[in-house]
Protein chains: 2
Amino acid sequence: MPARPAVPRSGPATIADVAAAAGVSKQTVSNVMNYPAKVREETRERVRRAVAELGFQPNRMARALRSSTAGMIACRIEPVSSHSLAHLHDRFLHALAEAGQAVGRHLMLFAVDDAEDEAATCVQLVRTGSVEGVVLYNLVPGDPRPPALREAGVPFVCFGRFSDDAEATGWVDVDNAAGVGAVVDHLAECGHRRIGFLGFPEGHRVGDDRAAGWVTAMDRHGLLAGSHRLDVRGEDTWVSGARTARGLLDRADPPTALVAASDTLAAGALQAVRDLGLALGEDVALVGYDDTPSAEVLDLSSVRQPLPEVGRRIVEALCPAGGTPVPVASLLAPELVVRGSSRRRT
Amino acid sequence: MPARPAVPRSGPATIADVAAAAGVSKQTVSNVMNYPAKVREETRERVRRAVAELGFQPNRMARALRSSTAGMIACRIEPVSSHSLAHLHDRFLHALAEAGQAVGRHLMLFAVDDAEDEAATCVQLVRTGSVEGVVLYNLVPGDPRPPALREAGVPFVCFGRFSDDAEATGWVDVDNAAGVGAVVDHLAECGHRRIGFLGFPEGHRVGDDRAAGWVTAMDRHGLLAGSHRLDVRGEDTWVSGARTARGLLDRADPPTALVAASDTLAAGALQAVRDLGLALGEDVALVGYDDTPSAEVLDLSSVRQPLPEVGRRIVEALCPAGGTPVPVASLLAPELVVRGSSRRRT
DNA sequence: CGCGCTCAGTTGATCGATAAAACGAAGCTG
DNA sequence: CAGCTTCGTTTTATCGATCAACTGAGCGCG
């Protein structure tokens, strides 16, 4: 059966080309690729050679159509944002992409002009079979997206808790309170008693959680009573960090250590420390958050979020090994990276 | 012909469902969606109602299979990098995603551990029909990817020139030399004669182009002769910027203006200026590059790269309206954003 | 009347892969 | 030796949409 002409057709080889070259049926080739055990050793080898010779790779769209699984998950890419995730944005996407690939999924990005449209876009992506599920992040209190997607039956997982309901599922988060708490523990262990906190403006989950972490930990160490107004809030900018830190350090009873809610704020605080002629790590300890590249450059202790693990959990929840999505609610622990800016007091 | 049962099947509606509901054939539905003119007004309306009622959206995979166009382009997402694009990374991806959507394409991200594998991954993505083409960036001199992809027949476009061959195509770039040149022009017009330059380490295209821009522009204004060693190079970090700027400002004949190859360097330089008790914009003018959010916060003049336009050109080249990819070689002009850090001298 | 032409829509084939069922040849059993 | 399994492979049908070819009715014109 001279099924196919000898002339190489245009475009990549298909399963039919391989079948013809190996003298077997398409199905056998498919079996070799997916269930090798089903095929006799000898035939298998013959098919494998043909596959290698033709450089065959199964067409993803055909496979997706047949199995009705796109092998993709979607995530919105936001324009430049001043949210807390700003510095982590690309690291988060990288973690997602990597975690996805580990289980054979690719990451699709989409942009929406109007945030209102995001849910609608997600629904569309799922209904057209473009993706299996979507990832949300930068959620705000009362965010409309989770209910909208749940309503539409769109599988989704959020980076960050989006509800105060303890029963709510569909999220993976890093414990912000615990992160700041670990910093306070570390500083207290280094002998610091007066530990200040530079936070984000009130009203957003992440910032409030980090601030709450300071209060809780200070209280645990019995340091809260003597630390009146050692926690200040301000925009997440270098300038704001410098100003608020200066304010604290200029007090009659200045803190000997500062915890910042971001590396940006910490970098600003670092400036304030230098302006006052104080020695970092000696006179004043300083710890940032997010462990951005600048933290390393500045020899700044910082809190590292386990983004790779976050990515894995999200992907795992969206694309579980066996079948349908599974509700997830995991709170991961961040890790404190100690550098020169916060050493034990001598 | 009771083609379909009245019970709604699981999953989204298909074209067959719509056809049955409207009492026409699948093809007619398809025509209504794609070539409405082919269908009689009345029928069209009937089909449209059925579409709306069932919330039908054509399955992307089926369409992709039939038309053998994935409707996607791929781009590698790098882990945290210290490259010059670091600050622009997510803005670039956003621009790509947005430009793609404007012409019905989505952006797929992929991660590769070993940079060597990138070309192989791209080839695989195209051969499996997953994407129509790929976007490369952060290219280094003699980068192996363009030739490898060209060899494999993979459509690609680079952000950044990758070859000194003037004939080479397949890239979109922003004119770095012109950007720095514009800054020098601006500063010269403001009355500055001694204009310093803070650059990246030698050996990379972007940094070298920006440095060359300084030389050319200074020469054009006849300012090069008196500016011996006013251009210095260093790592693209805040610390390095502060140090090198300090070095220049401490000289016996210090510059009255500084051009930095990045906002990061400029932020460091800003510190050096403050340390010396000089007034920014008065005693010393300062201009950064890339117009990152911090530039705005610091009231720092900066050079803005037209990323949206870059994205459009790249997508346009990869997915031309009519048929096959078209060679592209476009050099875009960046835009100088003047802020308080560089005003006219009084 | 009959031939050609347009219009509106249908039918059948196809994209590339895979699930399910059918098939033929051994091998075993009673 | 009929009847039942098992194994290895081929056939057939299917995923959902689109392309190409076809049908049938209505109209105009010589």
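This is a predicted model, so every value here is computed, not measured. Just so we're on the same page: letters track the sequence lines, and every chain starts at 1.
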Check: So what is the end-to-end bend of the helix from dC1(C)-dG30(D) to dG30(C)-dC1(D), with 5 pairs used at each end and the value given to 10 degrees?
Finding: 70°
Partner set under side chain to side chain contact (heavy atoms under 4.5 Å, CB included) for [X], not counting sequence neighbours:
X: Ser163(A); answer: Asp165(A), Ala168(A)
X: Arg313(B); answer: Val172(B), Glu309(B), Ser330(B), Leu332(B)
X: Thr121(B); answer: Phe110(B), Val112(B), Asp117(B), Leu125(B)

Note to self: Tell me every residue that passes side-chain hydrogen bond (donor to acceptor under 3.5 Å, both in side chains) with Thr69(A), counting only those two or more places apart in sequence or in another chain.
What the structure shows: Ser67(A)
Item checked: side-chain hydrogen bond (donor to acceptor under 3.5 Å, both in side chains) against His94(A), all qualifying residues, sequence neighbours excluded -> none
Next item on the list: Give a yes or no on whether the backbone of Cys75(B) and the side-chain of Tyr137(B) come within a donor-acceptor separation of less than 3.5 Å.
Entry: no
Next item on the list: Using a 4.0 Å cut-off on protein heavy atoms (strictly under), produce a 5'-to-3' string for nucleotides 17-23 of chain C with B for base contact, S for backbone-only sugar-phosphate contact, and - for none.
Entry: BBBB---
Note to self: Does Thr28(B) reach a base, just sugar-phosphate, or nothing at all? Heavy atoms under 4.0 Å.
What the structure shows: base
Notebook entry, point to check: What is the nucleic acid contact for Ser68(A), judged by heavy atoms within less than 4.0 Å: base, sugar-phosphate only, or nothing?
Noted result: nothing
Would you kindly give the [atom1]-to-[atom2] distance between [X] and [N], to the nearest whole Å?
X: Met61(B); N: dT18(D); atom1: CE; atom2: P; value: 14 Å
X: Leu65(A); N: dG16(D); atom1: CG; atom2: P; value: 7 Å
X: Arg40(A); N: dC7(D); atom1: CZ; atom2: P; value: 14 Å

Margin query: Which residues in residues 42-51 of chain B have a heavy atom closer than 4.0 Å to any atom of DNA chain C?
Written below: Thr43(B)
Next item on the list: Quick one: list whatever passes salt bridge (charged side-chain N to carboxylate O under 4.0 Å, His left out) with Arg161(B), sequence neighbours left out.
Entry: Asp173(B), Asp209(B)
Next item on the list: Applying salt bridge (charged side-chain N to carboxylate O under 4.0 Å, His left out), name anything that partners Arg150(A), two or more places apart in sequence or on another chain.
Entry: none
Notebook entry, point to check: Is there any salt bridge (charged side-chain N to carboxylate O under 4.0 Å, His left out) pair reaching into residues 138-147 of chain A, and which pairs are they, with sequence neighbours excluded?
Noted result: Glu118(A)-Arg145(A), Asp143(A)-Arg145(A)
Margin query: Quick check for you: to the nearest 0.5 Å, what is the distance between Ile15(B) atom CD1 and Leu54(B) atom CG?
Written below: 12.0 Å
Notebook entry, point to check: What side chain to side chain donor-acceptor pair (under 3.5 Å) pairs are there with at least one residue in residues 45-56 of chain B, not counting sequence neighbours?
Noted result: none
